[in-house]
Amino acid sequence: MIDSPILEFRDVTKVFYKGTQPVVALEGLNIKIQEGEFVSVIGPSGCGKSTLLNLAAGLSPAAKGDVIYRGSPVDKINLSVGYITQHDNLLPWATVRKNITMGLKIRNVPTAERKQRLEHYLELTGLKGFENHYPAELSGGMRKRCSLARTLIYSPEMVLMDEPFSALDAHVKMIMHKELLRIWDEERKTILFITHDLVEAITLSDRIIVLSARPGQVKQVMQVDLPRPRDPFTLHTKPEFSAIFETLWDGLKDDIYKGENV
Ligand SMILES: Nc1ncnc2c1ncn2[C@@H]1O[C@H](COP(=O)(O)OP(=O)(O)OP(=O)(O)O)[C@@H](O)[C@H]1O
Ligand SMILES: [Mg+2]
């Protein structure tokens with residue numbers, strides 16, 4: 001296989017400062033994401049997962065090392081990626097319809113196509129009937145779904161997703177997994193997905209990267225060779241699934257418990 005990853009972290013360290021006090025969020029990170037891959041990152045709270053996505057999106061620079069997108073350093077906002085941030089950034093003064101179609105308007109997509117795509121994504125995310133609501137009039141889960149529709153609608157070649165389904169109840173989550181897998185299968189986008197949920201990570205991913213507690217370092221990389229298409233409603237009942245779950249949990253649990261004791 002030719003080694004030309006779409007996104008690469010080369011020995012990346014990220015440091016924040018609280019006054020003069022440094023906080024090392026990520027340290028010596030080496031990650032390669034191939035085009036079309038679905039990669040999940042899991043790790044304890046505060047280990048630098050959102051920071052990793054911010055670096056890929058070009059929202060903040062690395063202290064050391066390089067973030068490379070399609071062979072070029074990410075040194076400004078990376079417009080090739082769609083980013084569903086952990087805290088949704090829906091515009092409070094715009095309706096669901098306007099929030100979702102904003103990206104298409106900026107890209108000069110004709111009105112008829114905007115309408116057609118809006119209908120599709122309202123349907124897909126279960127927001128039909130709420131298009132004239134404002135974000136403050138939505139539940140937490142609906143806001144997440146609105147953010148998802150707003151990013152997927154303009155079809156970016158790579159999607160960064162920061163715990164996009166964490167606020168959803170278990171059933172809706174599985175439905176969203178099914179839809180996301182379908183979209184990914186149809187469009188073969190590259191997806192970098194952050195989650196705390198091992199079941200979610202195994203269900204969706206080709207590969208799972210486990211980060212250590214802060215400073216986040218790659219602790220374990222696991223290939224998920226479960227056959228596709230996968231059914232999110234039954235996959236977790238398979239013995240192959242349990243084996244992957246156990247290996248991942250073994251890698252994670254010490255850091256999780258350490259975090260709990262802080
Ligand atoms: N803008 C910032 N200024 C200062 N420190 C920051 C900033 N952003 C993140 N940090 C620190 O960097 C570390 C990693 O934060 P990050 O948000 O990436 O963690 P995370 O893995 O996404 O956590 P969670 O799972 O809780 O979302 C934390 O210690 C956090 O306090
Ligand atoms: Mg985070």
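These values consider heavy atoms only, across backbone and side chains, with no hydrogens, waters or symmetry-generated copies. Start at 1 and go down the list; that is how both ligands and their atoms are numbered.
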Visitor: Considering all protein heavy atoms, does one lie under 4.0 Å from atom 9 (C) of ligand 1?
Guide: yes
Visitor: Taking K49 for the side chain and P44 for the main chain, is one N or O donor matched with an acceptor at less than 3.5 Å?
Guide: yes
Visitor: Which of the numbered atoms in ligand 1 are under 4.0 angstrom from any heavy atom belonging to A25?
Guide: 12 (O), 13 (C)
Visitor: Which ligand 1 atoms does T51 reach within 4.0 Å, using its non-hydrogen atoms?
Guide: 14 (C), 15 (O), 16 (P), 18 (O)
Visitor: When you measure from the side chain of K178 to the backbone of P232, do you find a donor-acceptor pair of N or O atoms at a distance under 3.5 Å?
Guide: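 No.
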Visitor: Check the angle between the aromatic planes of H236 and F241 and answer parallel, tilted or perpendicular using the 30° and 60° thresholds.
Guide: perpendicular
Visitor: One thing to verify: whether K189 and E157 come together as a salt bridge, which I'm taking to mean a side-chain N less than 4.0 angstrom from a carboxylate O.
Guide: no
Visitor: How does Q86 reach ligand 1, by side chain, by backbone, by both or by neither, if only non-hydrogen atoms under 4.0 Å count?
Guide: side chain
Visitor: Tell me whether C47 has any N or O atom under 3.5 angstrom from an N or O of ligand 1.
Guide: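 Between C47 and ligand 1, an N or O pair is found under 3.5 Å apart.
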Visitor: What protein heavy atom sits nearest atom 14 (C) of ligand 1, and how far away is it?
Guide: G46 O, 3.4 Å
Visitor: Taking 2.8 Å as the limit, list every protein N, O or S atom around the Mg ion (ligand 2), by chain and residue number.
Guide: S50 OG, Q86 OE1
Visitor: Are L211 and L192 connected, step by step, through hydrophobic side chains (Ile, Leu, Val, Met, Phe, Trp, Tyr) whose heavy atoms are closer than 4.5 Å?
Guide: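 Yes, L211 and L192 fall within the same hydrophobic cluster.
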Visitor: Is a donor from one side chain sitting under 3.5 angstrom from an acceptor on the other, for E163 and T195?
Guide: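 E163 vs T195: no donor-acceptor pair found between side chains.
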Visitor: Which heavy atom of the protein is the closest neighbour of atom 26 (O) of ligand 1, given with residue, atom name and distance?
Guide: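 Answer for atom 26 (O) of ligand 1: S45 OG, 2.6 Å.
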Visitor: Can a side-chain donor-acceptor contact be found between N30 and R10 if the only test is distance below 3.5 angstrom?
Guide: no
Visitor: Can you find a pair of side-chain heavy atoms, one from L148 and one from M176, that are under 4.5 Å apart?
Guide: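 In contact.
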Visitor: Quick one: which ligand 1 atoms are inside 4.0 Å of a heavy atom on H196?
Guide: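 Ligand 1 atoms under the 4.0 Å threshold to H196: 25 (O).
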Visitor: Do L7 and V67 have side chains that approach each other closer than 4.5 Å (heavy atoms only, starting at C-beta)?
Guide: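 Touching, per the 4.5 Å side-chain cut-off.
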Visitor: Just jot down the ring-ring contact (aromatic ring centres under 6.0 Å, His included) partners of H133, sequence neighbours excluded, or say none.
Guide: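 By the ring-ring contact (aromatic ring centres under 6.0 Å, His included) rule, H133 matches F130.
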Visitor: Go through ligand 1 atom by atom and flag the ones less than 4.0 Å from a non-hydrogen atom of E163.
Guide: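 Those qualifying, in numeric order: 25 (O), 27 (O).
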Visitor: What class does the angle between the rings of F165 and F193 fall in, given that below 30° is parallel, 30 to 60° is tilted and above 60° is perpendicular?
Guide: tilted
Visitor: Would you mind checking which non-hydrogen protein atom is closest to atom 25 (O) of ligand 1, with the distance to 0.1 Å?
Guide: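 Going atom by atom, the protein heavy atom closest to atom 25 (O) of ligand 1 ends up being K49 NZ, 2.7 Å.
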Visitor: Among all protein non-hydrogen atoms, which one is nearest to atom 1 (N) of ligand 1, and what is the separation to 0.1 Å?
Guide: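 Of the protein heavy atoms, F16 CE2, 3.7 Å lies nearest.
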Visitor: If you measure from atom 22 (O) of ligand 1 to every heavy atom of A213, G216, S50, which option wins on shortest distance?
Guide: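 Heavy atom nearest to atom 22 (O) of ligand 1 belongs to S50.
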Visitor: May I ask you to check whether N54 and Y83 show a side-chain donor-acceptor distance below 3.5 Å?
Guide: yes
